[in-house]
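Contents: one structure, followed by commentary.
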Amino acid sequence: MNYGLSIPLGGRTLKDHAAVLDRAVMAGYTDVWSSEVNGHDAFTPLALAAQRYPGLRLGTAITPAYTRSPALLAMSAASLADSTDGQVLLGVGSSSDVIVERWNGVPFHDPYGRVRDVVTFLDRALTGEKVDMETPSFTIKGFRLGVVPQNRPKVLVAGLRPGMLRLAGRRSDGAILNWLSPDDVRKVVPYVYEGRTTAPEIVARLFVVCSSDVEKVRGHAKRAIAAYLNVDAYAKFHEWLGRGDELADMWGAWRAGDRKAALAAIPDSLVDELFIHGDAAACRARIQDYVDAGITTPMLALTNLDGDAADLIDQLGRRAGASAGPAVVSAGTATKPVDPIVAQDRQRWGELGWPQPTAMSAFMSLFRTHERVLEVVRKALKQHGLSITEHSALLHLAMAPDRSSPLSRMAERLLISPARCNYVVNRLESEGWVERKPHPADGRSTLAVLTESGAAKVDRSIAAVDGIDFGFRGTREQELNDLVDALAACARGEDELTGDADRSAPVAVAGD
């Protein structure tokens, strides 16, 4: 089952969504979905998500079929697909006369025909085919998509009643549903399956509202119900679902201009049908009700009336309560920072059923951190004409008795070959920082000795790495101690495996 999160979350800018995406991936969300009404456009939030998590599925739910030309829709979907390794799902729909005509100045005529024709165009254009089409709402001559994505975007249709639902099933990859209960899903989904030989994707936006105050939840939900269910398309949808009598008083008061009476006429039972609320366990159970009714991709639209909506991500994720996943956190509890690539790899590793996901995550975290830290240190030392190995060699000599060391010992400490060590010493000797001398007690050995010029170089190079906190900027002292302990435990395990328990540890990390 795919599991989606509606973004952006309220109360933060797009550039502040990195932590939201990190939490979502760690909690087991496979998708992020964005809409297009009067806030952010549908594609920018998804493009930013793709850069942080290239494997996420990216969906629009929805992009109106009127407000972008068919060719621009194809280009937008193709560009998004070109930016990611994940699946792109282009959800299109008629939207409403308010959004299309009043807000965008585009005539809102024949919504079924417009969606049908746009979907037909997209089906052809996204393959790279040259398209000529003449329809009542647009004429396109000779369009060919210049960037044909290797992973073709799926096209989904937003549907409410039988006509559009059948169109979704017969002419697209599936349907996007909205404003319905699990029981409503059972009535709606069969229309999408009509005439299909393969199972369609069925996405539903699910409204999750969290608060310890049930009356606050119902007040929020009733305002949203009044705003949407008085729109003609949604009113007809709920009348078709059988709620005509239940909503008659609300519709009547709304038409009469009495907004207060309209809100009062909405029964609490309707809130409980259309909104998910309660504690985390109750919300997860309600989400499962939708899945059991036929939804293949629940897409959560989160509202936290008592705090930050991001705090609900962990509690409602697929991994909530699972031993392999992160602990469920209460509102206001900060999660630990996480490497997004490692988090994504761990999720996929678990899905494939491969062994030891924690050990894999530790290895990937160590490898990626090692590379990042080395790159920071390299840049700092480059300004002083040193590689990391050369810097490590100078440090080894500066800390050695008499500021000298046999070359064989230096190679062992720096974890490099004798030939490589000889090359490094040659380079340091050419700069006047090191000189070779015969070993006073072992005629077969040669000592590398730090010169006064070399000692001064060590002081400058130490100042350089100290200025960048040795590549660990922002890491607390205790965290660094914990890291040293964890790596020591890893080394002990390796020694036990190889039987080399007496091996002395190197004093410096080498690497160029």
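Computed from heavy atoms alone, side chains included, the values below leave out hydrogens, waters and symmetry copies.
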Answer yes or no: is there an ion pair linking [X] with [Y], defined by an N-O contact shorter than 4.0 Å?
X    : Y    : result
E375 : R378 : yes
D345 : R348 : no
R152 : D123 : yes

Does [Y] offer a backbone N or O that forms a donor-acceptor pair with the side chain of [X] under 3.5 Å?
X    : Y    : value
K222 : I266 : yes
E273 : S181 : no
D85  : G55  : no
S211 : D306 : no
D31  : L58  : no
D279 : A282 : yes
N230 : A226 : yes
R196 : G169 : yes
T30  : Y3   : yes
T127 : R124 : yes

Beyond-backbone contact of [X] with [Y], side-chain heavy atoms, under 4.5 angstrom:
X    : Y    : result
R284 : Q288 : no
T67  : S95  : no
R243 : L274 : yes
V88  : L46  : no
R114 : T135 : no
E201 : N2   : yes
D97  : D232 : no
V185 : I202 : no

Minimum heavy-atom separation for [X] to [Y], with atom names?
X    : Y    : answer
Y29  : I313 : OH-O, 3.0 Å
G294 : V189 : O-CG2, 4.3 Å
S365 : V342 : OG-CG1, 3.6 Å
G174 : A168 : O-CB, 3.5 Å
S96  : V231 : CB-CG1, 4.0 Å
V119 : S172 : CG1-CB, 4.3 Å

Inter-residue atom distance [X].[atom1] - [Y].[atom2], 0.5 Å rounding:
X    : Y    : atom1 : atom2 : answer
L206 : I295 : CG    : CD1   : 7.0 Å
I99  : Y66  : CD1   : OH    : 12.5 Å
R259 : R223 : CZ    : CZ    : 14.5 Å
L73  : R68  : CG    : CZ    : 6.5 Å
M164 : Y112 : CE    : OH    : 8.0 Å
F121 : F143 : CZ    : CZ    : 5.0 Å

In terms of heavy-atom contacts, does [atom1] of [X] have more than 12 from other residues, nucleotides or ligands at under 6.0 Å?
X    : atom1 : answer
K379 : NZ    : no
Y234 : OH    : yes
D485 : CG    : yes
Q356 : CD    : no
R102 : CZ    : no
Q478 : CD    : yes

- Can you name the one residue among V209, L302, L300 that meets side-chain contact (heavy atoms from CB on, under 4.5 Å) with L312?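 Of the listed residues V209, L302, L300, the side-chain contact (heavy atoms from CB on, under 4.5 Å) partner of L312 is L302.
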
- Message: Between R205 and S6, is the side chain to side chain contact (heavy atoms under 4.5 Å, CB included) condition met? List the steps.
- Response: CA-CA 8 Å; R205 175 179 278 109; S6 181; 4.2 Å; yes

- Step-by-step side chain to side chain contact (heavy atoms under 4.5 Å, CB included) determination, D110 to S137: CA-CA 9 Å; D110 187 17; S137 63; over 6 Å; no

- Query: What do you reckon, are the aromatic ring centroids of F237 and W179 less than 6.0 Å apart?
  - Reply: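 Ring centroids of F237 and W179 are no less than 6.0 Å from each other.
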
- Message: Pair F363, W349 - check ring-ring contact (aromatic ring centres under 6.0 Å, His included), show working.
- Response: CA-CA 13 Å; F363 171 78; W349 189 279; 9.8 Å; no

- Query: salt bridge (charged side-chain N to carboxylate O under 4.0 Å, His left out) between K187 and D184: does it pass, once the steps are laid out?
  - Reply: CA-CA 5 Å; K187 179 173 182 178; D184 298 332; over 6 Å; no

- side chain to side chain contact (heavy atoms under 4.5 Å, CB included) between Y290 and T297, worked out: CA-CA 9 Å; Y290 280 92; T297 305; over 6 Å; no

- Task: Please lay out, stage by stage, how V20 and L5 fare under the test side chain to side chain contact (heavy atoms under 4.5 Å, CB included).
- Result: CA-CA 10 Å; V20 170; L5 177 67; 4.1 Å; yes

Quick one about [Y] and [X] (side-chain donor to acceptor, distance below 3.5 Å, no hydrogens or angles considered), yes or no?
X    : Y    : value
D311 : Q315 : no
R171 : T120 : yes
T60  : E36  : no

